[in-house]
Number of protein chains: 2
Amino acid sequence: MPDHLQPVFRALGDPTRRDILRLLGQEPMTIAEVADNFDMTRAAVKKHLVVLSDGGLIEVAPRGREKVNSLNALALKPALEWIGWFDQFWDARLDALKTAIEKETTDDTGHNNG
Amino acid sequence: MPDHLQPVFRALGDPTRRDILRLLGQEPMTIAEVADNFDMTRAAVKKHLVVLSDGGLIEVAPRGREKVNSLNALALKPALEWIGWFDQFWDARLDALKTAIEKETTDDTGHNNG
DNA sequence: ATATTGAGATACCAAATGGTATCACTTATG
DNA sequence: CATAAGTGATACCATTTGGTATCTCAATAT
């Protein structure tokens, strides 16, 4: 399984970057505008934007001398689906428990879990 | 917003750890058993297990001199929900595009996209 | 009692990460 | 043209990260 979603999870691994995504969910912003919302230099924010861009989570479009960064939420879908695979355990676990209990009450084959 | 889900996303940020989660989805395993599935030392695997445990993604139970690591898929739920917030854009964007197109067809202010 | 085995702890290392400061480049504006 | 503003690029730094090697401790087996 080629880890094409590694860049996505990598990007999501930093709280600042997650905040940036939320921020860009409101509206597209230039680097400077994004940086205004954080207590760090523009250069640092730019680095985060590069990581986000590597993960395909944002799109960057030039507008005059500015760069407008906009959210590409669709890139989150693979990550959502990866995690979603595990939801089989959330309900399934209760289900398995129920099944196990039922099996125990009707199981007189002599099977013993030694 | 206190980043209680930072440990979760942190844990998901490494491909080995994601593989471990999948692995433990099959069945609980000791450290050595997990390590058998990877090309690295037991100590390295143990470190990953600690990170996973910090994120609440696995539970560790002693069994004799062994430690059995089992998946706690429920801890993934907050991460799934965080990402899920963005699905409003998946359909909404198409919707916005549709709206924008409709607006353009009735908008004769002279705006022109190159 | 003595190996043997599974795991924890520590020290150590190279590389990646998150940040700063600084300079060069490009685009607007006087 | 000169200057200012927005960005890109680079060098640099401290810390974290992912890994190894090694030692000790606890539990099992002989």
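Just so it is clear: chains get the letters A, B, ... in the order the sequence lines come, proteins before strands, and each one is counted from 1.
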Just do the side-chain contact (heavy atoms from CB on, under 4.5 Å) check on A/Thr16 and A/Met40 with the steps written out, would you? CA-CA 10 Å; A/Thr16 299; A/Met40 66 183 72; 3.8 Å; yes
Per the under-4.0 Å heavy-atom filter, residues of residues 27-42 of chain B near DNA chain C come out as B/Thr30, B/Ile31, B/Ala32, B/Arg42
Short side-chain N/O contact to C/dG8 OP1/OP2 from B/Lys46, under 4.0 Å: yes
Would you please confirm or rule out a distance under 4.0 Å between OP1 or OP2 of C/dG18 and any side-chain N or O of A/Arg17? yes
Is the distance between the ring centroids of B/Trp90 and B/Phe86 less than 6.0 Å? no
For A/Leu24, the option from A/Val34, A/Asn72, A/Leu52, A/Leu57 that meets side chain to side chain contact (heavy atoms under 4.5 Å, CB included): A/Val34
Do the side chain of B/Gln6 and the main chain of A/Gly13 share a donor and acceptor less than 3.5 angstrom apart? yes
Under 3.5 Å donor-acceptor, B/Asn69 side chain and B/Met29 backbone: yes
Going by heavy atoms in the side chains, are A/Phe9 and A/Ile83 under 4.5 Å from each other? yes
Beyond-backbone contact of B/Lys67 with B/Thr30, side-chain heavy atoms, under 4.5 angstrom: no
Ignoring hydrogens and angles, are the base of C/dT5 and the side chain of B/Arg65 linked by a donor-acceptor pair under 3.5 Å? yes
Answer with yes or no whether the hydrophobic clustering places A/Ile31 together with A/Val68; edges join I, L, V, M, F, W, Y residues whose side-chain heavy atoms lie under 4.5 Å apart. no
At a heavy-atom distance below 4.0 Å, which nucleotide of DNA chain D is the first touched by chain B, and which is the last? D/dT17 to D/dT28
In terms of the nearest nucleotide of DNA chain C, which residue is placed more toward the 5' end: A/Gly64 or B/Lys67? B/Lys67
On DNA chain C, compare the nucleotides closest to A/Arg63 and A/Val51; which residue's is nearer the 5' end? A/Val51
Spacing between B/Leu49 atom CG and C/dA7 atom P, to the nearest angstrom: 10 Å
Whole angstroms only, please: what is the NZ-P distance between B/Lys47 and C/dA7? 18 Å
